[in-house]
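See structure below.
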Amino acid sequence: MNKAEEYSQPMGLDVGTSRIVVARSAEGQYEYDAQLNAFLTLPYSKLTVSLLQRENVFHEVKGSEIVVVGNDAQKFAEVFHAETRRPMLNGLLNPHEPHSMAVLRAIVGKLLGKAAFAGQKVYFSVPAPVPNEKSGIAYHEASIRQILTELGFEGTPIEEGLAVVFGELGGSNYTGIGISCGSGLCNVCLAVLSVPVISFSVPKAGDFIDNQAAMVTGELATRLRVKKEQDFRLNGMTGGRVQNALTVYYAEMIEHLVETLRSHIASTQRLPKLDQSIPLVLSGGTVLPKGFLEHFGQALRATDFPVRLSEVRLSPDALNSTARGALMAALC
Ligand SMILES: Nc1ncnc2c1ncn2[C@@H]1O[C@H](COP(=O)(O)OP(=O)(O)O)[C@@H](O)[C@H]1O
Ligand SMILES: [Mg+2]
């Protein structure tokens, strides 16, 4: 029996465009396990399959193709100079990707194992709608729930921004603003005593920065992504072409996020009376570069903000915040 199968408590699952993360609680500690939400295909041959098996590479055979999945897909992409493909796009199942469900099923199955008993609880993250846009959230949610049901779990969706509130804002009685900036989306939730009051998502996040910066520099988006993750910092137009392009689109993303947040809160009529100022916490891979918090703070201060903020801070564990929050919701 492996670790996943022995565990019979509720779990939290972050189904992100880039990464899928599971959170478990063991003796008062949280434990995480993650896989890249990516794959690549190789032509089927018996020899290749036996080599992959021998090397313990995470893969599945689908007709005439071998699908290499998760973290191993990235390793193979580097070896073969190929691009990985992704089952999700902008926070939801990618409608143009025929392998999307099979790959998600494989990754979720690997991370969670089978349920220890029928109906073991899993809370999984789903995005909030992008304002004024049609969305396929209901289909996406039903598909993830279906995968969980097949493994014997009872799946419950939780909006990603609310999961961040659960994961980060226990100290303020789950009152405040939780934001997760990922690759496909930024998800935002303003909650009061754990009740979501405003939630929405913004379609400018890490992928937007990579794609735009790639377009203006003539580089590949995946290369820009690697550079961004390795050594980018938000300290102005002081570097080379790539640094400057990333700076411009990071600034655009942050300004768009702050502006959407401001206008949403300002136009919400059912906003409860907040006697006290509330905290705002930022999480997700896109908040990691040095200078992000300062830049976000400057954008906030540029014009009046409709609620008083007691603090604006980064999650100390930005890549696991959503999974932890989903777990905490499942344990309530
Ligand atoms: N150290 C880093 N610096 C800048 N961006 C990063 C870093 N690490 C991850 N990212 C970016 O964060 C995004 C993924 O964030 P994550 O919260 O894991 O995403 P998702 O919820 O979309 O799965 C990607 O756009 C990735 O390039
Ligand atoms: Mg995410």
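Order of appearance sets the numbers: ligands from 1, and atoms from 1 within every ligand. Positions are given from 1, in the same order as the sequence printed here.
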Exercise for the section: Walk me through it: do H264 and F200 pass the test ring-ring contact (aromatic ring centres under 6.0 Å, His included)? Expected result: CA-CA 9 Å; H264 253 262; F200 63 91; 4.2 Å; yes
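- With respect to atom 24 (C) of ligand 1, the closest heavy atom belonging to the protein is S183 CB, 3.6 Å.
- Close contacts of ligand 1 with G284, meaning ligand atoms under 4.0 Å from a residue heavy atom, involve 17 (O).
- For atom 21 (O) of ligand 1, the nearest protein heavy atom (residue, atom name, distance) is G16 CA, 3.8 Å.
- The environment of Y139 atom OH is sparse: at most 12 non-hydrogen atoms of other residues, nucleotides or ligands sit within 6.0 angstrom.
- Between F232 and Y250, the ring-plane angle classifies as parallel under the 30° and 60° cut-offs.
- Excluding water, every protein N/O/S atom under 2.8 Å from the Mg ion (ligand 2) is given here by residue and atom: E160 OE2.
- Every atom of ligand 1 with a heavy atom of P289 under 4.0 Å away is listed here by number and element: 3 (N), 4 (C).
- To the nearest 0.5 Å, atoms OG1 (T247) and CG (L234) are separated by 6.0 Å.
- The protein non-hydrogen atom at the shortest distance from atom 1 (N) of ligand 1 is E229 O, 3.5 Å.
- If you look at R225 next to ligand 1, the close heavy atoms, those under 4.0 Å, all belong to the side chain.
- Shown in contact with G206 at under 4.0 Å from a heavy atom are these atoms of ligand 1, numbered in order with element: 25 (O).
- Side-chain polar atoms of Q74 and E78 form a donor-acceptor pair below 3.5 angstrom.
- With respect to the salt-bridge test (charged N to carboxylate O, under 4.0 angstrom), the residues R86 and E97 do not qualify.
- Taking 4.0 Å as the cut-off between side-chain N and carboxylate O, D210 and K228 count as a salt-bridged pair.
- Ring geometry for F76 versus F80: interplanar angle of 30 to 60°, hence tilted.
- Counting only heavy atoms of the protein, atom 23 (O) of ligand 1 lies nearest to S18 N, 2.8 Å.
- The single protein non-hydrogen atom nearest to atom 10 (N) of ligand 1 is G285 O, 3.3 Å, given as residue, atom name and distance.
- With respect to atom 18 (O) of ligand 1, the closest heavy atom belonging to the protein is R19 NE, 3.2 Å.
- The environment of R233 atom CZ is sparse: at most 12 non-hydrogen atoms of other residues, nucleotides or ligands sit within 6.0 angstrom.
- Without hydrogens or angle criteria, R19 side chain to L36 main chain gives no donor-acceptor distance under 3.5 Å.
- At distances below 3.5 Å, at least one donor-acceptor pair connects side-chain atoms of N187 with backbone N or O atoms of A128.
- For the residue pair R262 and S267, no side-chain donor N or O sits within less than 3.5 Å of a side-chain acceptor on the partner.
- Considering backbone and side-chain N/O atoms, T286 comes within less than 3.5 Å of an N/O atom of ligand 1.
- Atom 8 (N) of ligand 1 has L288 CD1, 3.7 Å as its closest protein atom, hydrogens excluded (heavy atom only).
- Annotation: T17 places an N or O atom under 3.5 Å from an N or O atom of ligand 1; distance criterion only.
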